[in-house]
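Written out below as structure tokens is the structure these notes cover.
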Protein chains: 4
Amino acid sequence: MSQQEPMEQWIQELAKLDDSDVKMTEKQLKIIQAAVEIFAEKGFAGSSTSEIAQRAGVAEGTIFRHYKTKKDLLLSIVAPMVSKLIGPFVWNEFKDVLEKDHSSLEEFLYDMAINRIKFTHKHLKIIKILLQEIPFQPDLKDAFKRQVGMKIFQRLSEIIEYFKSKGEVIDVPTQSVVRFIASSFIGLLASHFILMPDQPWDEEKEIRDMIQFIMNGLSGK
Amino acid sequence: MSQQEPMEQWIQELAKLDDSDVKMTEKQLKIIQAAVEIFAEKGFAGSSTSEIAQRAGVAEGTIFRHYKTKKDLLLSIVAPMVSKLIGPFVWNEFKDVLEKDHSSLEEFLYDMAINRIKFTHKHLKIIKILLQEIPFQPDLKDAFKRQVGMKIFQRLSEIIEYFKSKGEVIDVPTQSVVRFIASSFIGLLASHFILMPDQPWDEEKEIRDMIQFIMNGLSGK
Amino acid sequence: MSQQEPMEQWIQELAKLDDSDVKMTEKQLKIIQAAVEIFAEKGFAGSSTSEIAQRAGVAEGTIFRHYKTKKDLLLSIVAPMVSKLIGPFVWNEFKDVLEKDHSSLEEFLYDMAINRIKFTHKHLKIIKILLQEIPFQPDLKDAFKRQVGMKIFQRLSEIIEYFKSKGEVIDVPTQSVVRFIASSFIGLLASHFILMPDQPWDEEKEIRDMIQFIMNGLSGK
Amino acid sequence: MSQQEPMEQWIQELAKLDDSDVKMTEKQLKIIQAAVEIFAEKGFAGSSTSEIAQRAGVAEGTIFRHYKTKKDLLLSIVAPMVSKLIGPFVWNEFKDVLEKDHSSLEEFLYDMAINRIKFTHKHLKIIKILLQEIPFQPDLKDAFKRQVGMKIFQRLSEIIEYFKSKGEVIDVPTQSVVRFIASSFIGLLASHFILMPDQPWDEEKEIRDMIQFIMNGLSGK
DNA sequence: GATGAATGAGGGTTCATTCAT
DNA sequence: CATGAATGAACCCTCATTCAT
């Protein structure tokens with residue numbers, strides 16, 4: 001519930017990411033809102049276009065005027081999110097970091113955590129939908145692997161290897177290190193947004209603890 | 001596909017876990033096999049009983065003679081798995097470990113990893129189905145939280161706190177420590193079984209690396 | 001409920017009315033009992049053979065060993081009742097009555113009422129089933145018309161005309177007079193057995209009142 | 001068959017009796033027509049929606065766009081009839097009659113007969129359906145008892161008691177008198193519309209004879 | 001004779017999609 | 001552009017009936 005208010009913002013952003021730079025009509029916006037909620041509640045296959053139309057307050061036919069099929073509607077919601085998941089990893093050149101001292105890795109991880117938490121908070125429902133549907137939509141899976149998996153992996157790899165070359169990261173395959181970091185991040189997000197969404201938490205401290213754990217884990221001292 | 005061969009084994013085990021110790025008929029076994037495959041492929045809501053019947057080589061009505069509803073079929077597959085997920089956490093009394101030296105934690109984590117990897121390998125499809133359906137089946141979610149979440153959390157908590165009291169684990173909330181460990185494990189499993197199922201890996205080494213990462217991360221030196 | 005006890009009696013009578021003079025097995029008897037109850041509760045089309053089997057405590061297949069089809073089962077219950085409905089109309093020679101004095105008509109009506117009330121009480125459920133199914137089973141309808149409608153009509157007609165010839169019944173078409181009488185009888189039965197089955201009633205008095213009404217109505221004084 | 005022509009009239013009336021005063025679409029009308037015919041032919045449980053759709057010349061899905069369930073379709077046909085069955089009993093104040101002379105009872109019965117015969121003629125099929133389904137649909141049974149049974153009974157009771165107080169009706173329980181009258185009426189209707197629908201009859205004379213029978217029967221002279 | 005697993009046609013109902021208005 | 005009635009394939013499920021045991 002509390003995550004809903006900022007929805008209109010990014011929906012409008014969605015419109016801009018689409019191939020069309022036409023702005024969404026009000027009805028279209030309501031359709032997307034309704035679809036997001038219902039897909040998140042019941043899953044794609046478990047949702048009916050008629051229920052979406054009803055919650056959106058439009059006629060059943062209206063949905064199909066804007067989206068050729070039900071799957072089109074799903075993709076229009078979920079596809080723009082794929083590319084945005086990489087978020088801070090493609091931030092303005094990270095080269096600087098590589099030049100800086102050891103504390104910068106912590107800083108980078110911290111910024112990344114803050115950023116991805118905000119992002120998750122804002123787009124929680126869509127992320128849920130995306131994760132639910134990836135196993136069943138090969139095109140989504142491919143797009144995800146290519147645009148998210150590979151990109152993040154490469155970016156992190158560069159960084160890790162830089163620090164490994166400086167002897168500050170233990171001699172463990174880079175791929176594993178990436179996994180350690182990613183797992184920790186995802187674990188944090190999943191824990192607070194999905195497993196225990198109602199339990200309050202000290203974001204700042206949790207991030208710091210996690211980063212300490214990661215840094216210790218990697219330093220190998 | 002490659003995970004199919006051992007299926008008959010555990011299906012027969014399923015039968016024994018049921019309240020009835022009656023053995024399954026051959027058709028029933030085929031229905032379960034087909035259902036597991038199709039649910040894993042398309043998700044529960046995306047699967048049709050007629051397709052299951054077809055792949056099982058039985059009449060559609062036959063399914064409903066054994067399982068009152070489609071959801072019943074799902075639960076008969078997925079419910080027995082819930083309790084088995086806790087696996088080694090309820091192993092024969094862990095008290096011993098608590099008495100032993102530091103290396104025992106590593107040992108425990110190692111055994112746990114080996115065991116859960118084997119378990120995941122054996123039951124991969126059903127675990128996928130379970131994870132996919134938990135968000136949409138409140139009863140599953142509850143059973144999962146109660147039987148898996150709580151149990152594992154409590155078990156790990158005891159162990160963590162023991163080592164914390166010995167000063168061998170950094171002063172971070174136990175809940176977070178549990179999460180670090182769980183995330184690392186799940187990350188390993190997801191990585192090799194789901195994200196890159198076809199890529200060969202050195203199980204032994206990966207586990208050792210992960211445990212080293214965790215131990216370093218927690219020791220805080 | 002209270003009408004159930006005498007059921008076994010007439011079921012055994014059913015057996016004797018059948019073309020086969022073989023006696024029913026115990027299972028067959030239970031099947032009939034269960035079928036009567038369920039047909040009466042839910043109607044023929046609304047009943048399932050599996051429910052009948054269950055209530056009878058036999059296997060589904062057992063029903064079809066004794067009755068080729070579900071409709072056969074219905075007819076085996078309902079057909080023998082058809083002929084018995086004419087009851088006292090084929091009593092041992094009524095000729096006597098025709099010779100006797102006017103009071104005999106009353107006497108005849110009284111005996112008839114008593115008899116049909118007992119009969120209805122005993123066979124209520126089956127009569128309900130019969131009436132429910134007559135509109136949908138042409139063979140039943142024909143049998144009913146031929147064996148019940150015509151016979152009763154002819155019998156009553158003779159009697160009526162005898163009394164008309166004596167000037168004791170108003171000059172109204174015999175067919176109408178028959179209808180007056182039949183309607184009154186059926187109204188009494190329906191009222192007490194179907195519309196208000198739980199309300200106690202003074203059978204004796206109700207019959208007397210009804211007969212008085214009929215006699216007055218027909219005498220035309 | 002021969003009663004079909006006036007159907008469209010009252011179907012349109014049905015629409016007006018509904019909570020919505022929206023007019024029916026042409027397809028909806030055809031669905032109702034087909035349903036009435038098939039329900040009357042085979043009974044509710046014995047009819048299939050696919051056959052109804054076929055006879056109505058619409059797709060099966062179309063039925064469910066207008067009526068949520070098959071039972072809904074039944075009720076939409078049969079429910080409006082329930083209240084209309086009481087017909088002339090709620091005619092504009094009957095008090096006048098009570099003031100008038102003895103002949104008024106005859107007049108009332110005559111008007112009632114004429115009116116109910118027309119009504120039955122017009123709605124025969126639906127009345128059949130209603131009577132067939134009342135035993136199996138508790139809600140229908142309740143509505144019928146409350147809206148029809150009680151109302152008619154009370155109305156007739158008042159009238160009967162008035163004439164009893166004037167000494168013009170024999171001293172028999174009012175309830176019985178009501179039953180005599182109702183039985184005679186229903187007998188007449190059943191006889192001509194159901195038992196012998198093809199036999200021509202002199203409506204006027206039959207009614208007069210019946211009323212004479214009733215009046216004689218009640219006067220007790 | 002009795003069983004009950006198996007059948008497959010058919011049941012009522014839902015649903016994504018179309019199209020005349 | 002929006003509507004919502006109409007579609008018909010597909011859905012889950014029930015059922016009368018069969019037949020190997």
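Excluded from the calculations below are hydrogen atoms, water molecules and symmetry mates; all remaining heavy atoms, backbone and side chain alike, are included. All figures in this text were calculated on a predicted structure; none of them were measured in a lab. Lettering follows sequence order; numbering is per chain, from 1.
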Rounded to whole Å, how long is the line connecting atom NZ of A:K70 with atom C1' of E:dT17?
12 Å
I want to confirm an ordering. Mapping D:S50 and C:G57 to their closest nucleotides on DNA chain E, which one lands closer to the 5' end?
C:G57
Strictly below 4.0 Å: does C:T62 bring a side-chain N or O up to OP1 or OP2 of E:dT3?
yes
Give the rounded distance in Å between these two atoms: CG of D:L74 and P of E:dG11.
17 Å
If I take atom OH in residue C:Y67 and atom P in nucleotide F:dT17, what distance separates them, rounded to the nearest angstrom?
14 Å
Tell me what C:S48 touches on the nucleic acid: a base, only sugar-phosphate, or nothing, going by heavy atoms under 4.0 Å.
sugar-phosphate
E:dG1, OP1 or OP2 - any side-chain N/O from C:H66 closer than 4.0 Å?
no
Under 4.0 Å between a side-chain N/O of D:R65 and OP1 or OP2 of F:dA5, yes or no?
yes
Verify the contact: side-chain N or O of D:K27 to OP1 or OP2 of F:dT7, cut-off strictly under 4.0 Å; return yes or no.
yes
Got more than 12 heavy atoms from elsewhere within 6.0 Å of NZ, D:K71?
yes
5'-most by nearest nucleotide on DNA chain E - D:E60 or B:V58:
B:V58
Side chains of D:T49 and D:E60, donor plus acceptor under 3.5 Å:
yes
Whole angstroms only, please: what is the CD-P distance between C:E51 and F:dA16?
10 Å
Interatomic distance where NZ belongs to B:K71 and C1' belongs to F:dC11 [whole Å]:
18 Å
Look through every strand shown and name the nucleotide pairing with F:dA20 as Watson-Crick or G-U wobble, where both distances are under 3.5 Å.
E:dT3
For atom NZ of B:K30, is the number of surrounding heavy atoms from other residues, nucleotides or ligands below 6.0 Å larger than 12?
no
For C:K30 and E:dG1, what is the distance between atoms NZ and C1' respectively, to the nearest whole Å?
16 Å
Rounded to whole Å, the CD-P distance (B:Q54 to F:dC12) equals 13 Å
F:dA16 phosphate, OP1 or OP2, under 4.0 Å from C:K68 side-chain N/O
no
Measure from the side-chain heavy atoms of C:F64 and tell me the nearest of F:dA16, E:dT3, F:dA2.
F:dA16
Over-ring placement of D:K70 relative to D:F44, 6.0 Å and 45° cut-offs:
yes
Heavy-atom nearest pair, C:I129 first then C:V36, reads CD1-O, 3.4 Å
How long is the line joining CD1 of D:I52 and P of E:dG12, in whole Å?
8 Å
Start at the 5' end of DNA chain F and walk down; is the nucleotide closest to B:F44 or to C:A45 reached first?
B:F44
